[in-house]
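Working notes for the structure below.
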Amino acid sequence: MFSYKFNFIWQMVQGRIIARQTGLAAFAAGPLSAFFYLHPHSFELMQIVVSESSDDDPGGINEKSVPDLHLFFRVDRFIDRIVERMERVKSGLLAEELIKQDEAENWTGDFSVDADGHRVLIGLTRAESEEYTNLMALVADDRASEAQLNRYGELEAKHVYARAWRDASRKPQGDDDDFMRAWSTDDRGARVMIGLSADETEEFIKLNARDLANRMSEHCLPWASVEEMHQENDRLLQLHDKHNLARIARIAAEGKPNTS
């Protein structure tokens, strides 16, 4: 999504907060939503602000000229959820549980919790995490020796690869979590990337993790040679294209209106 669209969203959220606190009208009567869709010719991301309570077809969304691929951002529901979370944290009753949940999910962070309950860098032990942090300060100040630079690169590569593996191997629990419509279930009940077999899915995850790790750090080179890197990247692209074609076909099929 383009950055200026985020600015529009923030303006809407601000307006709704003011309206809810003061009772003054802002934008439209609530509950309010933003309707996003791709322009059929320019492919620009378009936006319409609609009131869900105005009529049965807010913003003319059901018109045939409106593309099938669209997205709702429910402004009022978003505000309600944020307020609820803030109240729970303010009360202190569930603050500890929320922190533990955030650490357990750790969707994008660098940290995890080891078997003894210590907060550590993903892929590193507690001692390695402390060593890495100290070396990072030396490297940042340009005070690290050659041996320290080598050790820093070794630890960073280990940490980055573990993080990349976590990101590449994460699977949604169900269709509600699969926003990109990338996953399915095979005949044996295993979660697989749509268009790929179970073996191909695991192969894609492994290759993608190695590629991600290399992109995340100059110290992480998980291949034995440049030739091996090119071979793996070619295979990764082949699996990606096979998967993405199946994913696009699914989205197209799901977007067709039901005429039965």
Side-chain angles (χ1 to χ4, degrees), residues 1 38 67-72 74 77 81 97-117 119-125 157-217 220-225 227-260:
M1 189 181 296
L38 294 177
D68 293 328
L69 183 62
H70 55 259
L71 175 69
F72 263 116
R74 300 186 183 276
R77 188 173 68 173
R81 288 181 174 179
E97 287 76 4
L98 288 170
I99 292 171
K100 288 181 178 179
Q101 178 184 347
D102 288 343
E103 290 182 345
E105 292 177 354
N106 196 26
W107 281 91
T108 58
D110 287 324
F111 295 93
S112 63
V113 179
D114 66 11
D116 297 323
R119 190 173 173 86
V120 297
L121 285 162
I122 293 172
L124 302 184
T125 65
K158 184 178 179 182
H159 162 57
V160 164
Y161 185 70
R163 182 179 172 186
W165 181 266
R166 176 206 62 188
D167 293 343
S169 59
R170 185 177 290 120
K171 302 175 183 179
Q173 298 300 310
D175 289 344
D176 290 342
D177 298 326
D178 187 15
F179 178 77
M180 300 303 293
R181 310 301 294 132
W183 291 85
S184 183
T185 304
D186 67 9
D187 296 337
R188 298 181 179 179
R191 295 291 282 174
V192 296
M193 298 179 71
I194 190 166
L196 304 182
S197 66
D199 289 341
E200 288 174 329
T201 296
E202 293 305 315
E203 182 183 8
F204 180 90
I205 289 172
K206 182 190 77 172
L207 297 178
N208 193 33
R210 290 158 72 92
D211 181 62
L212 280 173
N214 177 246
R215 294 172 185 271
M216 290 164 65
S217 170
C220 190
L221 187 67
W223 304 282
S225 65
E227 181 181 1
E228 182 186 15
M229 178 184 71
H230 289 316
Q231 289 175 349
E232 285 200 2
N233 286 342
D234 288 344
R235 177 59 175 162
L236 176 61
L237 183 60
Q238 181 185 18
L239 292 172
H240 173 273
D241 288 348
K242 182 180 180 182
H243 157 65
N244 206 40
L245 285 173
R247 187 181 69 86
I248 292 172
R250 169 197 260 184
I251 293 174
E254 292 176 345
K256 289 181 179 179
N258 187 357
T259 57
S260 59

To check you understand the geometry: which heavy-atom pair defines the closest contact between D186 and A198, and what is its length? OD2-CB, 4.0 Å

Compare all side-chain heavy atoms of N233 with those of L237 and state whether any distance is below 4.5 angstrom. no

Rounded distance [0.5 Å steps], CE in M216 versus NE2 in H159: 6.5 Å

For a quick test of reading the model, state the closest non-hydrogen atom pair linking L212 to A164 and the distance between them. CB-CB, 3.8 Å

Angle class for the H240/H243 ring planes (parallel below 30°, perpendicular above 60°, tilted otherwise)? perpendicular

Which heavy atom of C220 sits nearest to which heavy atom of Y161, and what is that distance? SG-CB, 4.4 Å

Is the shortest side-chain heavy-atom distance between W183 and T201 below 4.5 Å? yes

Sub-4.5 Å side-chain heavy-atom contact between S112 and R166: no

Just by modelled atom types, is the I205 backbone N or O under 3.5 Å from a matching donor or acceptor in the S169 side chain? no

Measure the NZ-CG distance between K158 and L121 for me, rounded to the nearest 0.5 Å. 11.0 Å

Locate the shortest heavy-atom distance separating R250 from S184; write the atom from each residue and the value. NH2-CB, 3.7 Å

Between CG of L196 and NZ of K242, what distance do you get to the nearest 0.5 Å? 6.0 Å

Is the shortest side-chain heavy-atom distance between N214 and L221 below 4.5 Å? yes

Across all chains, not counting sequence neighbours, the salt bridge (Lys or Arg N to Asp or Glu O under 4.0 Å) partners of K206 are none

Shortest non-hydrogen separation from I251 to M180 and the atoms involved: CD1-O, 4.2 Å

For the backbone of G195 and the side chain of R247, can you confirm whether one donor and one acceptor N or O come within less than 3.5 Å of each other? no

List the atom of T125, the atom of V120, and the distance in Å for their closest heavy-atom pair. C-CG1, 4.2 Å

Answer whether the closest heavy-atom distance between the side chains of I194 and R181 falls below 4.5 Å. no

Salt bridge (Lys or Arg N to Asp or Glu O under 4.0 Å) pairs touching residues 227-239, sequence neighbours excluded, are E203-R235, R210-E228, R210-E232

Within the structure provided, determine whether N208 and L236 are in side-chain contact (heavy-atom separation under 4.5 Å). yes

